[in-house]
Trainee: 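Got a structure here, written out as structure tokens. Questions coming.
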Amino acid sequence: MNHFTKRLADVDPDIYAALEAETDRQREGVELIASENLVSLATLEALGSAMVNKTVEGYPGGRYYGGAQNADRVESLAIERAMRLFGASYANVQPHSGSQANLAVFLAFLNPGDTVLSMNLSAGGHLSHGAGPNISGKWFDIANYGVNGDGYLDYDDMAETARSRRPRMIIAGGSAYPRAIDFDRFRAAADEVGAVLLVDMAHWAGLVAAGLHPDPVPVADVVTATTYKNLRGVRGGFILSHRTDLVRKLNSAVFPGVQGSVILNAVAAKAVAFHEAMTPEFDTYAQGVLDNARALAATLVERDVTVLTGGTDTPLLLVDLRPLDLTGVVASDVLESAGLTANKNGVPDDPESPRVTSGLRFGSSAGTARGLGVDEFTQIGHWIADVLEATRAGRADSVAPRIHDDVRAMVSRFPIYPT
Ligand code: DSN
């Protein structure tokens, strides 16, 4: 029957062409978006398996559908591996994304109207931590902490705001804060007011796994993360805790609280990501991510580009374009035409709207996954600085294509996926 034998190229040439073009785009450019990575072929196989057909609800050993033996095996392995990788007593691998994981944690601990203290979005926080348009911002009373003039998290302000607003939950972590976070300061602030401490480690979970970043698991009540950023795996979320007393509360918050059936092929791919992250190769990769992010930051600083806090402890760094009189939207568009893909990003006290912004966010996770090292990331830093200079001088149209040729020549030495 054709349904089981005809290939995508024949069934749907339009979608096939777009997917091929996307693989080529990834092949021929340097991916610097901090939330992206390049997964292994093994991960792609797990995602494309027949497990996509299986429907289950509930948890291994307690499903609401039959024929779940292989699903149970896959999910149990994913749970065991996540717990082992991060030294946690509890793992839930079902959240479809980091935002879903956060929503489940809110459901477990909060009622609508409760106060939550989180990092301001413009200081590097995340949409799902209480931004106005997000369900978290609409349903909860959000208090924010931010960063000092030097770009570092203002712990005194965080603790003082906790005292005055008495939140039921404090969130540490975000999506654009480049420095390691002092989780003990957060624990102390949470304990002082009896708040639950949630750490969202989505952007540096891989560094935590490799022991290259402070570990929030023993300190926080709950930790959320994604597998698809620095962990180099499939798009999806997960939840960890060292507290065994939270198992029922957190499990029922994910299902049936905020999700129904499990995306089992994604859970299989998460298991693969956890498996890969337990190898010595991954430790080497994670060290490379950190070294490369620091090399990129150092090069930009050397070229007089303003890097917030002057560097990074994570895979990401944030550039303030205001001293260059450029906006994030303009700079990211020109960089893309040079084969360097990054995202526009707000910076603290940004006068521009989120669609424009005054900043750029860069990440080293994807470039490192294809084998780029410190020499290449230093070169990338120079290319970025060249593009920004050319944009200011009105010469982007001639400079960007030339750099794109150089980018293509460099990445051709670091191939991805069989052709
Ligand atoms: N959390 C968003 C980001 O940091 O880009 C999407 O994963």
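Just so you know, ligand 1 is whichever comes first in the structure, and atom 1 is the first atom listed for that ligand. For reference, positions follow the sequence shown, starting with 1. Because the structure is predicted, anything quoted here is derived from the model rather than measured.
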Trainee: Relative to the heavy atoms of Ser35, which atoms of ligand 1 are at a distance of less than 4.0 Å?
Mentor: 3 (C), 4 (O), 5 (O), 7 (O)

Trainee: What atoms in ligand 1 come closer than 4.0 Å to a heavy atom of Lys229?
Mentor: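 The atoms of ligand 1 under 4.0 Å from a heavy atom of Lys229 are 1 (N), 4 (O), 7 (O).
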
Trainee: Taking all non-hydrogen atoms of both residues, which atom of Ala42 and which atom of Val272 are closest, and how far apart?
Mentor: CB-CG1, 4.2 Å

Trainee: Taking 4.0 angstrom as the limit and counting only heavy atoms of Ser175, give me the atoms of ligand 1 inside it, by number and element.
Mentor: 4 (O)

Trainee: Any idea how Tyr59 and Phe255 line up, ring-wise: parallel (<30°), tilted (30 to 60°), or perpendicular (>60°)?
Mentor: perpendicular

Trainee: Quick one: nearest non-hydrogen protein atom to atom 4 (O) of ligand 1, plus distance?
Mentor: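 Minimum-distance protein heavy atom for atom 4 (O) of ligand 1 reads His203 NE2, 2.7 Å.
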
Trainee: Distance to 0.1 Å, residue and atom name: give those for the protein heavy atom nearest to atom 7 (O) of ligand 1.
Mentor: Tyr228 OH, 2.5 Å

Trainee: Do we see a donor-acceptor contact under 3.5 Å between the side chains of Asn144 and Ser118?
Mentor: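 Per modelled atom types, Asn144 and Ser118 side chains form a pair under 3.5 Å.
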
Trainee: Once you restrict to heavy atoms under 4.0 Å, what part of Arg361 touches ligand 1? Side chain, backbone, both or neither.
Mentor: side chain

Trainee: Evaluate the side-chain proximity of Thr284 to Gln287: yes if any heavy-atom separation is below 4.5 Å, no if none is.
Mentor: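 Gln287 does not reach Thr284 side chain to side chain.
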
Trainee: Picking from Arg248, Arg243, Lys249, what satisfies salt bridge (Lys or Arg N to Asp or Glu O under 4.0 Å) with Asp245?
Mentor: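 The option that passes is Arg243.
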
Trainee: Run the ring pair (Phe, Tyr, Trp, His ring centres under 6.0 Å) test on Phe183 and Phe186 for me, step by step, so that the C-alpha distance in whole Å, both residues' side-chain angles and the decisive distance to 0.1 Å come before the verdict.
Mentor: CA-CA 5 Å; Phe183 302 122; Phe186 274 92; 7.5 Å; no

Trainee: Please state which protein non-hydrogen atom is closest to atom 1 (N) of ligand 1 and give its distance, to 0.1 Å?
Mentor: His126 NE2, 2.9 Å

